[in-house]
Amino acid sequence: MFQDKYVFSQLTAFLNRTQFNNYVRKYDGNRYVKHFTCWNQMLAMMFGQLSNRESLRDLIVAFEAHRAKQYHLGLGREPIAKTTLATANQNRDYRIFEDFAFYMMKEACEKRTTNILDISGKKYAFDSTTIPLCLATFPWAKFRSKKGGVKAHVLYDIEAQVPAFYTVTTASKHDSTAMSSIHYEPNAYYIFDRAYDFFKELYRIHLTDSFFVVRAKTNLKYKTVKWKRRMPKNIMTDEEVKLTGYLSEKKYPESFRLVRYYDEEDDREFTFLRMQNNFLHWTSPIFIRKDG
């Protein structure tokens, strides 16, 4: 008889159940629960995600088809009803699963870290993606007159190649508003696209002794303080600048470097802003974004 664990059970064995139970106790997640615990709920939703289920009904049908295997998958002995799962998703404290997700992301980052660049400190990239939603089902997620959606803002650890942080907002929120949710680490590097040239938040990065690289918008107002004469190949401009816009100068009073880079492959020019006094190499491919 085949007695090895199912693949799903082998995957969930890597989850720290003790830490998860700590979060459950913290938020009193299993209060009045008889059999369908928070752990069962998380595994059920994981199973649905990994097996590409399209709805709760579809997920319950899959469970019923594999009823004899349910206990060995970690989902308990009792049958799971659609109303039970839907009620758990609606009423239980989401912070149990959010905190555990952040814990697992931190563990993954620490175990997978590699040294891509010969620069000390973490390297992160921050961007968002829009997830469409049915406006009739999720009226709070109104995006346009007849469209609904949310934005997932993700801080990606470049060297570990896993997310380090995320937050979710309605799709109508501008990308830069999510920057205030990031906990900036000293001596870390943060890479942004031009939607994130929010100078108040960029100055907060400066004050925490961390560094940033961001694409500049075409209407940026600045004055040149000094510039370099000898530059590497494809570097068209490398200069120290200060903002001249009234509000922009108040939000970011310090000077920073402005670099124009020519991409031969796509025949395009890119303009980057970065802090002074750090040692990034502009020819490094992780700072050349070709899709935006």
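Computed from heavy atoms alone, side chains included, the values below leave out hydrogens, waters and symmetry copies. The residues of the chain are indexed from 1 along the displayed sequence.
Residues that satisfy the ring pair (Phe, Tyr, Trp, His ring centres under 6.0 Å) test with Phe8, not counting sequence neighbours, are Phe47. Taking Lys217 as the reference, Asp197 meet the salt bridge (Lys or Arg N to Asp or Glu O under 4.0 Å) condition, with sequence neighbours excluded. Residues satisfying the salt bridge (Lys or Arg N to Asp or Glu O under 4.0 Å) test with Glu110, not counting sequence neighbours, are none. Residues satisfying the side chain to side chain donor-acceptor pair (under 3.5 Å) test with Glu254, not counting sequence neighbours, are none. By the side-chain contact (heavy atoms from CB on, under 4.5 Å) test, Gln49 pairs with no residue at all, sequence neighbours left out. Under the rule for a side chain to side chain donor-acceptor pair (under 3.5 Å), the partners of Gln41 that lie at least two apart in sequence or sit in another chain are Asn89, Arg92. Under the side chain to side chain donor-acceptor pair (under 3.5 Å) criterion, Thr12 pairs with no residue, sequence neighbours left out. Remark: Thr224 pairs with Glu239 by the side chain to side chain donor-acceptor pair (under 3.5 Å) rule, at least two apart or across chains.
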Distance-only donor-acceptor hits, side chain of residues 163-175, under 3.5 Å, sequence neighbours excluded:
{"unit_1": "Thr169", "atom_1": "OG1", "unit_2": "His153", "atom_2": "NE2", "d": "2.8"}
{"unit_1": "Thr170", "atom_1": "OG1", "unit_2": "Ser172", "atom_2": "OG", "d": "3.2"}
{"unit_1": "His174", "atom_1": "ND1", "unit_2": "Ser176", "atom_2": "N", "d": "3.1"}
{"unit_1": "His174", "atom_1": "ND1", "unit_2": "Ser176", "atom_2": "OG", "d": "2.9"}
{"unit_1": "Asp175", "atom_1": "OD1", "unit_2": "Ser128", "atom_2": "OG", "d": "3.1"}
{"unit_1": "Asp175", "atom_1": "OD1", "unit_2": "Lys151", "atom_2": "NZ", "d": "2.7"}
{"unit_1": "Asp175", "atom_1": "OD2", "unit_2": "Ser128", "atom_2": "OG", "d": "3.2"}

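The hydrophobic cluster containing Tyr71, built from Ile/Leu/Val/Met/Phe/Trp/Tyr side-chain heavy atoms closer than 4.5 Å, comprises no other residue. In this structure, Leu247 shares a hydrophobic cluster with Tyr246, the cluster being traced through Ile, Leu, Val, Met, Phe, Trp and Tyr side chains under 4.5 angstrom apart.
With a 4.5 Å cut-off on side-chain heavy atoms, Leu75 and Ile80 count as touching. Side-chain contact between Asp263 and Tyr261 is present, with heavy atoms from C-beta onward closer than 4.5 Å. The shortest side-chain heavy-atom distance between Leu202 and Leu273 does not fall under the 4.5 Å cut-off. Side-chain contact between Phe192 and Arg215 is absent, with no heavy atoms from C-beta onward closer than 4.5 Å. Side-chain contact between Glu264 and Asn234 is present, with at least one heavy-atom pair separated by less than 4.5 Å. No side-chain heavy atom of Val154 sits under 4.5 Å from any side-chain heavy atom of Tyr124. Residues Arg260 and Phe270 fail the side-chain proximity criterion, which asks for heavy atoms closer than 4.5 Å. At least one side-chain heavy atom of Leu85 sits under 4.5 Å from a side-chain heavy atom of Met45.
One hydrophobic cluster, built from ILVMFWY side chains closer than 4.5 Å, holds both Leu59 and Tyr6. With hydrophobic clusters built from ILVMFWY side chains whose heavy atoms lie under 4.5 angstrom apart, Phe138 shares a cluster with Val150. Side-chain heavy atoms closer than 4.5 Å link hydrophobic residues (I, L, V, M, F, W, Y) into clusters, and following such links, even through other members, never connects Leu155 to Val162. When the side chains of ILVMFWY residues are joined at heavy-atom separations under 4.5 Å, either directly or via intervening members, Tyr103 and Tyr94 end up in two distinct hydrophobic clusters.
Here the shortest heavy-atom pairing between Phe97 and Met42 reads CE2-CB, 3.8 Å. Listed here is the closest heavy atom pair of Ser210 and Glu185: CB-O, 3.1 Å. Phe143 approaches Gly149 most closely through the heavy-atom pair CB-N, 4.1 Å. The two residues Ile131 and Ala152 make their nearest non-hydrogen contact at CD1-CB, 4.2 Å. Contact between Ile60 and Lys82 at its shortest, heavy atoms only, is CG1-CA, 3.8 Å. Contact detail for Asn30 and Cys38: the closest heavy-atom pair is OD1-N, 3.0 Å.
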Worked verdict on Lys242 versus Phe256 for side chain to side chain contact (heavy atoms under 4.5 Å, CB included): CA-CA 7 Å; Lys242 289 199 70 173; Phe256 46 77; over 6 Å; no
Passes side chain to side chain contact (heavy atoms under 4.5 Å, CB included), Asp157 versus Lys122? Steps please. CA-CA 7 Å; Asp157 189 321; Lys122 295 288 189 69; 4.1 Å; yes
Step-by-step side chain to side chain contact (heavy atoms under 4.5 Å, CB included) determination, Thr271 to Leu258: CA-CA 7 Å; Thr271 303; Leu258 182 146; 3.9 Å; yes
Begin from the C-alpha positions of Glu201 and Ile182 and carry the test side chain to side chain contact (heavy atoms under 4.5 Å, CB included) through to its verdict. CA-CA 10 Å; Glu201 284 300 317; Ile182 303 175; over 6 Å; no
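With salt bridges taken as basic N to acidic carboxylate O contacts below 4.0 Å, one links Glu159 and Lys123. Using a 4.0 Å cut-off between charged side-chain N and carboxylate O, Asp266 and Arg268 make no salt bridge.
The backbone N or O of Arg95 sits less than 3.5 Å from a side-chain atom of Asp93, completing a donor-acceptor pair. A side-chain donor-acceptor contact under 3.5 Å links Asn16 to the backbone of Gln19. The backbone N or O of Thr244 sits nowhere less than 3.5 Å from a side-chain atom of Lys223 that would complete a donor-acceptor pair. Although no hydrogens or angles enter the test, the distance criterion places a donor-acceptor pair under 3.5 Å between the side chain of Tyr156 and the main chain of Gln161. Side chain of Ser180 to main chain of Thr177: a donor-acceptor pair is present (N/O by atom type, distance under 3.5 Å, no hydrogens or angles). With hydrogens and angles ignored, the 3.5 Å screen pairs a side-chain donor or acceptor of Thr208 with a backbone N or O of Arg204. Between the side chain of Asn40 and the main chain of Thr37, a donor-acceptor pair closer than 3.5 Å is present.
With respect to Met46, the side-chain contact (heavy atoms from CB on, under 4.5 Å) criterion is satisfied by exactly one of Leu15, Leu11, Leu73: Leu15.
Listed by first then second residue, pairs satisfying salt bridge (charged side-chain N to carboxylate O under 4.0 Å, His left out) with a partner in residues 52-73 read Arg53-Asp58, not counting sequence neighbours.
A distance below 6.0 Å separates the ring centres of Phe126 and Tyr196. Separation of the Phe212 and Tyr190 ring centroids does not fall under the 6.0 Å cut-off.
There is no side-chain donor-acceptor pair under 3.5 Å between Glu98 and Tyr23.
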